[in-house]
Amino acid sequence: MSELPVPELPILDPLAALRRAGDPGTDVYLTGTVFLDIIFTGMRSAPVRGTETWARGMGSSPGGIANMATALARLGLRTSLAAAFGDDVYGDFCWECLERDEGIDLTHSRRVRGWHSPVTVSMAYEDERTMVSHGHEAPPPEEPAPSCPPASRASIASLAQGRREEWIEHAARHGSRIFADVGWDETGRWDPADLADLEHCDAFLPNADEAMRYTRTDDPRRAARKLAERVPVAVVTMGSRGACAVDSATGESAEVPALLVDALDPTGAGDVFVAGFVTGSLAGWPLADRLAFASLTAALSVQEFGGSLSAPGWVEIAAWWQHAKSYDDQDRAALRRYAFLDDLLPCGSRRWPLRRAVPTIGFRTG
């Protein structure tokens with residue numbers, strides 16, 4: 001069976017006006033662990049011990065650091081990922097999705113013989129989710145990130161509690177703008193000294209719980225101001241309350257409310273938010289526009305299955321904006337924050353529709 005032609009619809013290169021001869025070939029470099037995500041949605045409640053729970057929806061997609069890499073690539077940034085991939089079917093599936101379908105550069109990634117891919121099962125219900133993960137560290141070198149990462153406009157780093165990452169300092173020293181997030185501190189220490197690599201960073205983007213614990217504050221906005229004493233731009237995501245940011249270099253601050261959407265699966269929304277903020281930052285947008293755009297991309301992502309393959313592209317962003325201007329299902333005052341999209345959308349082309357998470361892997365055409 002021959003495949004039908006895939007239509008080309010508009011996309012945008014947000015850095016087109018900034019590109020010059022001699023620029024790095026990579027816009028954003030990142031490294032981390034790729035999981036195979038299996039997502040169950042439409043569950044009425046969390047699984048109960050001793051019972052069987054049926055889900056109304058299911059999807060499979062690359063997860064972990066693949067969430068952010070895919071979101072960046074779909075927003076038109078030239079993205080390079082360094083990660084370890086198993087040589088099993090799951091590893092094949094993830095590699096193919098990222099390299100062939102999303103156009104992500106995997107030159108600095110590696111296949112590990114005899115190592116099975118890490119797996120996460122995510123169950124979404126009642127606006128919450130529960131995850132079960134399994135995996136083993138890849139054999140040495142355990143860290144796939146090269147000590148001398150490729151030249152790039154920006155790098156995205158996850159700060160590690162209790163240790164510095166050598167590659168972050170190297171990348172910053174060679175002109176890469178570092179955007180950092182941080183994971184949950186399982187030790188419960190929340191020691192601000194663990195954020196030592198912030199000295200190399202342009203921006204730090206924790207969630208509200210993380211920000212307040214590290215700063216010993218009880219309000220996300222105060223936490224953002226406190227963090228801005230250590231990093232040029234501090235961004236704090238507040239879930240259903242939106243997000244806030246402080247730019248210590250300019251003294252500017254901004255806050256946006258969350259958009260009203262029907263959430264199907266929240267997996268990866270935080271990663272998509274970071275990708276949206278990085279895109280606006282590299283393009284030189286004002287702080288308020290960057291924050292609004294990041295919130296929009298995250299909101300659109302939760303309406304689809306899967307952390308990586310739920311990330312929106314420019315066609316979906318344009319479709320949302322046209323809908324939002326035509327219908328009264330969003331707060332009109334809040335929508336004024338997105339007027340900058342009128343001058344931004346769209347140009348160029350890409351394949352459409354975007355690939356989405358599917359119930360299983362390994363389908364063949366023929």
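Along the sequence shown, residues are numbered consecutively beginning with 1.
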Work out which heavy atom in L77 is nearest to a heavy atom in T79; give both atom names and the distance.
O-OG1, 3.0 Å
Quick check: does any side chain N or O of [X] sit under 3.5 Å from a backbone N or O of [Y], one acting as donor and the other as acceptor?
X: D271; Y: A71; result: no
X: R74; Y: A311; result: yes
X: W115; Y: H136; result: yes
X: S248; Y: P232; result: yes
X: S61; Y: A357; result: no

Qualifying ring pair (Phe, Tyr, Trp, His ring centres under 6.0 Å) pairs with a residue from residues 238-262, counting only residues at least two apart or across chains:
none
Determine which pairs satisfy ring pair (Phe, Tyr, Trp, His ring centres under 6.0 Å) with at least one residue from residues 234-264, sequence neighbours left out, and list them in order.
none
Is it true that E166 and R164 make a salt bridge, defined as a side-chain N closer than 4.0 Å to a carboxylate O?
no
Cluster question for you: counting only ILVMFWY and a side-chain heavy-atom cut-off of under 4.5 Å, with indirect links fine, are V302 and I39 together?
no
I'd like to know if I178 and L15 are part of one continuous hydrophobic network [Ile/Leu/Val/Met/Phe/Trp/Tyr, side-chain heavy atoms within less than 4.5 Å].
no
Could you check if a side-chain atom of [X] sits within less than 4.5 angstrom of a side-chain atom of [Y], using non-hydrogen atoms only?
X: L75; Y: W314; value: yes
X: R177; Y: L282; value: yes
X: T297; Y: I317; value: yes

Can you tell me which residue among L30, V272, V274, D27 is in a side chain to side chain contact (heavy atoms under 4.5 Å, CB included) with L72?
L30
Evaluate the ring planes of H174 and H170, with Trp represented by its six-membered ring, and classify them as parallel (under 30°), tilted (30 to 60°) or perpendicular (over 60°).
parallel
Assign the ring pair F340 / W285 to parallel, tilted or perpendicular, where the plane angle (0 to 90°) is split at 30° and 60°.
tilted
